[in-house]
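What follows is a single structure, written as structure tokens, with notes after it.
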Amino acid sequence: MTREHPVADGLEALYPFLYSGESDVDAVLRQVEQSTVDKVREIVALRGDVLAADRDRLFACAQDMARAFRGGGRLLAFGNGGSSTDAQDLASLFLSPAGDAKPLPAFGLTNDIAVVTALSNDIGFDVVFARQIGAFGRPGDIAVGLSTSGNSANLLRAFDEAARRGVVTVGIAGYDGGKMAELDSIDHLFVVPSPSVHRIQEAQTTLYHALWELTLGALDDLAKGDQP
Ligand SMILES: O=C(CO)[C@@H](O)[C@H](O)[C@H](O)[C@H](O)COP(=O)(O)O
């Protein structure tokens, strides 16, 4: 089968069984199964590697986040595309966790589509998070930005604006961290070192769930320290 479309080439890498030319349904199903098993193995290993590599830095970040929440700080989460939905998931995790876990003040900066479209239309997409952080951000708040490439200009500007305002900054990136790895304005940077955008996004969800659990634990420890 010959194709000249880059999207089709990208899809072939993801779903080789669709392009194998195989007409035997059982053989295709075996390829689907193998492809699924390979991807599951890859993400399980990657999640373990990332947590092991970042363990101490996750603890340190959670301590800073707990101190910020305890001081009245709020969490502002942002990202583009799939990372915007992850940012919203992260905000929901802190704000409205399942069970009786303590809810913490958090919101996503893509929640308000009127604000997002007005800023993008009137000024430019690069300022869509920085402007909101300029309006909301107070010293002791927390800004969490997620990106796969680490290169999105609107995130880079948001981190710089947040740092200028004394906001605790947390970056979650992929590949080699991209330009986010070069910023002085990110206090805590976590990088998922994978060449696959999908595995990066999957492992990033693990990172922020770990941060949430560790932050709740750190908040408990701070509260115990208050008791006589
Ligand atoms: O979810 C995906 C790819 O899996 C896409 O929507 C992706 O998030 C978008 O292309 C983003 O604009 C990419 O931005 P970034 O992650 O590099 O900051």
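Quick note: numbers below take in every heavy atom, side chains included, and nothing from hydrogens, waters or symmetry partners.
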* Asked: Taking only residues two or more places apart in sequence, or in another chain, which ones meet Thr206 in a side-chain hydrogen bond (donor to acceptor under 3.5 Å, both in side chains)?
  -> Arg47

* With sequence neighbours excluded, residues passing side-chain hydrogen bond (donor to acceptor under 3.5 Å, both in side chains) with Arg30 -> none

* **Closest non-hydrogen atom pair between Leu211 and Cys61, with its separation** => CD2-SG, 3.7 Å

* Restricting to pairs with a member in residues 23-75, which pass ring pair (Phe, Tyr, Trp, His ring centres under 6.0 Å), not counting sequence neighbours? -> Phe69-Phe94

* Which heavy atom in Asp187 sits nearest to a heavy atom in Val167, and how many Å separate them? -> OD2-O, 3.9 Å

* Asked: What residues, two or more places apart in sequence or in another chain, satisfy side-chain hydrogen bond (donor to acceptor under 3.5 Å, both in side chains) together with Ser92?
  -> none

* Asked: Under a single-linkage definition using a 4.5 Å side-chain heavy-atom cutoff for Ile, Leu, Val, Met, Phe, Trp and Tyr, are Leu156 and Leu76 assigned to the same hydrophobic cluster?
  -> yes

* With sequence neighbours left out, what residues match Gln34 under side-chain hydrogen bond (donor to acceptor under 3.5 Å, both in side chains)? -> Asp38

* Looking at Ala173 and Leu189, what are the two nearest heavy atoms and their distance? -> CB-CD1, 4.4 Å

* To do: Scan for ring pair (Phe, Tyr, Trp, His ring centres under 6.0 Å) pairs involving residues 154-192, sequence neighbours excluded, and state none if there are none.
  => Phe78-Phe159

* Structure fact -> Hits for salt bridge (Lys or Arg N to Asp or Glu O under 4.0 Å) against Glu42, two or more places apart or cross-chain, chain-then-number order -> Arg199

* Structure fact -> Residue pairs meeting side chain to side chain donor-acceptor pair (under 3.5 Å), one or both in residues 50-62, sequence neighbours left out, come to Asp54-Arg57

* **Pairs involving residues 159-177, ordered by first then second residue, that meet salt bridge (charged side-chain N to carboxylate O under 4.0 Å, His left out) (sequence neighbours left out)** => Glu161-Arg164, Glu161-Arg165

* Exercise: identify the closest heavy-atom pair between Ala66 and Leu219 -> O-CD2, 3.4 Å

* To do: Provide the full list of side chain to side chain donor-acceptor pair (under 3.5 Å) pairs with a residue in residues 130-144, sequence neighbours left out, each pair given once.
  => Arg74-Asp141

* To do: Just jot down the ring pair (Phe, Tyr, Trp, His ring centres under 6.0 Å) partners of Phe125, sequence neighbours excluded, or say none.
  => none

* How would you list all residue pairs meeting side chain to side chain donor-acceptor pair (under 3.5 Å) that involve residues 94-117, not counting sequence neighbours? -> Gln88-Asn111

